[in-house]
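Please read the structure below before turning to the comments.
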Amino acid sequence: ELEQDIKFAQRNLLPIKNGDFFGAMNYEGELILEANYDYLGFFNEGLAVAVRNGRYGFIDKGNNVVIDFLYDEAFDFEGGRVIVSLNDKLGVIDRTGKALLPIEFEDIGGFSDCLTYALKDSLYGYFDKSGSLRIEEKFEEAFSFSDGMAKVQIDGKQAFIDLYGAFIVDPIYEKIRFFSDSLIVYSEEGKFGIADLSLCPIDSIQYDLIGELNEGLAIVSSDRKVGYIDTSGMLVVEVKYEEFPNFMERGAFKASM
């Protein structure tokens, strides 16, 4: 059995369609898995999504059904886990088909920094890879973690939290995003400004738009005029030039210019 498993693992297979059905071939074009599935995806972590009679399951490279055809929809495995759907609800299962998150959520994200967000009963929380609730379900919106922090929305305000739910940036403004490692762009009532991580504005000037930093400068717009701010958020090119088509993208500084 071990030799057979190693042999299967070494196979490089590509899904093919023959008539109305899907199978798989190797890189030499030889048919390896007969075309008898309604759909067959690419193999990922040794398993591929397969559809039979409208139901989703998973097969291995030896054409063995590893997870039965039980689901309305299924995604690709990632880190030994996969999101599946049944009766308009989402859950997470492992390679054995065991439920890590029960199929009762309206939305589930991918795992990042070992956590995933999930929505149930109108509020998001964060779960770890064992399916345990790490950060309580209290957010109106939630995003994936990156570098140990995630953006969330609570009481109509956006914030950043750490891996245990503590606020790195408090929920004060309607919208926020990082401008640099130590500064954020905030938005309130359609106007944008720059603040430090304590959310204290560093300048009284507010703009209609603030672009991303490129080559140490970011384009800003106010009353259909554009200028530039630097990495500290201070205005270094006066807002006096006329807006032009796609100015947020085309007006960004680039190393070659």
- N-O pairing of R55 and D72 below 4.0 Å: yes
Pairwise side-chain contact, K129 with T116, heavy-atom cut-off 4.5 Å (strictly under): no
From the list F160, F192, Y186, ring pair (Phe, Tyr, Trp, His ring centres under 6.0 Å) with Y173 holds only for Y186
Take F139 and Y117 through the test ring-ring contact (aromatic ring centres under 6.0 Å, His included) and record every step on the way to the result. CA-CA 10 Å; F139 304 110; Y117 60 79; over 10 Å; no
**Asked** Are side-chain heavy atoms of Y207 and L235 found at a separation under 4.5 Å?
**Response** yes
Here the gap from N18 atom CG to M25 atom CE, rounded to the nearest 0.5 Å, amounts to 11.5 Å
CE (M234) and CD1 (I202) are apart, to the nearest 0.5 Å, by 6.5 Å
(Q) Within the 4.5 Å heavy-atom criterion, are V236 and L217 side-chain neighbours or not? (A) yes
Exercise. Any link between L183 and I210 through a network of hydrophobic side chains (Ile, Leu, Val, Met, Phe, Trp, Tyr) touching at under 4.5 Å?
Worked result: yes
Using a 3.5 Å distance criterion without hydrogens, assess whether the side chain of D230 forms a donor-acceptor pair with backbone atoms of S232. yes
For L213 and S180, the nearest pair of non-hydrogen atoms, with its separation, is CD1-CB, 4.2 Å
* Salt-bridge contact K225-E243 (side-chain N to carboxylate O under 4.0 Å) -> no
_Tell me whether the count of non-hydrogen atoms from other residues, nucleotides or ligands lying under 6.0 Å of CD in E215 goes above 12._
yes
| Under the side chain to side chain contact (heavy atoms under 4.5 Å, CB included) criterion, do L70 and L86 qualify, and how do the steps go? | CA-CA 8 Å; L70 301 173; L86 184 63; over 6 Å; no
A quick test of your reading: do over 12 heavy atoms of other residues, nucleotides or ligands sit less than 6.0 Å from CG of D162?
yes
Would you check if M248 and L209 make a side-chain contact, meaning some heavy-atom pair closer than 4.5 Å? yes
- Message: I'd like to know if the side chain of N44 and the backbone of F77 have a donor-acceptor N/O pair within less than 3.5 Å.
- Response: yes
D208 meets the salt bridge (Lys or Arg N to Asp or Glu O under 4.0 Å) criterion, sequence neighbours left out, with K191
- Task: Indicate yes or no: at least one non-hydrogen side-chain atom of I184 is less than 4.5 angstrom from one of L197.
- Result: yes
Correct closest heavy-atom pair for G211 and F179 would be O-CE1, 3.9 Å
To the nearest 0.5 Å, atom CD1 of I93 lies from atom OH of Y71 at 4.0 Å
For this session: State whether the number of non-hydrogen atoms from other residues, nucleotides or ligands found under 6.0 Å of D88 atom CG is greater than 12.
Result: no
**E34, CD atom: more than 12 neighbouring heavy atoms under 6.0 Å** = no
Review point. Are V51 and I67 in one and the same hydrophobic cluster, where Ile, Leu, Val, Met, Phe, Trp and Tyr link if side-chain heavy atoms are under 4.5 Å apart?
Key: yes
Is a donor on one side and an acceptor on the other found under 3.5 Å between the side chain of E73 and the backbone of Y56? no
> Is the closest side-chain heavy-atom distance between Y164 and I135 below 4.5 Å?
Replying inline: no
Interatomic distance, CG@L163 vs CG@L115, rounded to 0.5 Å, equals 6.0 Å
**OP:** Could you tell me whether the side chain of D113 reaches within less than 4.5 Å of the side chain of Y126, counting heavy atoms only?
**Re:** no
Report task. Give a yes or no answer on whether the side chain of N26 reaches the backbone of E28 with a donor-acceptor pair at less than 3.5 Å. Result -> yes
So, do Y241 and F247 have ring centers that fall under 6.0 Å from each other? no
Backbone N/O of K89 and side chain of N87: donor-acceptor pair under 3.5 Å = no
On a heavy-atom basis, the closest approach of S221 and V226 is CB-CG1, 4.2 Å
hydrophobic_cluster_shared for L33 and L31, side chain cutoff 4.5 Å = no
Item to check | N/O donor-acceptor pair under 3.5 Å between S112 side chain and F145 backbone | outcome: yes
SG (C200) and CD1 (I194) are apart, to the nearest 0.5 Å, by 13.0 Å
Shortest non-hydrogen pair, D38 vs G54, comes out as OD2-N, 3.4 Å
Enclosure of F42 CZ (heavy-atom neighbours >12, cutoff 6.0 Å)
no
Taken to the nearest 0.5 Å, the spacing of D147 CG from F178 CZ works out to 9.5 Å
Verify, without hydrogens or angle tests, whether E45 (side chain) and G79 (backbone) share a donor-acceptor contact under 3.5 angstrom.
yes
- prompt: Could you walk me through whether V152 and K138 pass the side chain to side chain contact (heavy atoms under 4.5 Å, CB included) check?
  reply: CA-CA 10 Å; V152 295; K138 62 181 180 179; over 6 Å; no
Heavy atoms of P245 and R250 approach each other most closely as O-NH1, 3.3 Å
- Is the backbone N or O of I176 less than 3.5 Å from a side-chain atom of K151, with the two atoms forming a donor-acceptor pair by type? yes
Please assess Y37 against N63 for the test side chain to side chain contact (heavy atoms under 4.5 Å, CB included), listing each intermediate value before the final yes or no. CA-CA 11 Å; Y37 298 101; N63 208 23; 2.6 Å; yes
query = Taking the side chain as C-beta and beyond, is there a heavy-atom pair between F244 and E242 under 4.5 Å?
reply = no
*Same apolar cluster (I L V M F W Y, side chains within < 4.5 Å links), L119/I83*: no
Do D155 side-chain atoms and K157 backbone N/O form a donor-acceptor pair below 3.5 Å?
-> no
Same cluster (ILVMFWY, side-chain, under 4.5 Å), F143 and I168:
no
Practice prompt. For the residue pair F127 and F105, categorise the inter-ring angle as parallel (less than 30°), tilted (30 to 60°) or perpendicular (more than 60°).
Written response: perpendicular
### Query
Between the main-chain N or O of T96 and the side-chain N or O of D94, is there a donor-acceptor pair closer than 3.5 Å?
yes
Between Y228 and V220, does the side chain to side chain contact (heavy atoms under 4.5 Å, CB included) criterion hold? Intermediate values first, please. CA-CA 6 Å; Y228 291 87; V220 295; 5.9 Å; no
Paired with K175, the side chain to side chain contact (heavy atoms under 4.5 Å, CB included) test is passed by just one of E188, Q158, Q153, namely Q158
In short, G23 meets L40 closest at the heavy-atom pair O-CD2, 3.3 Å
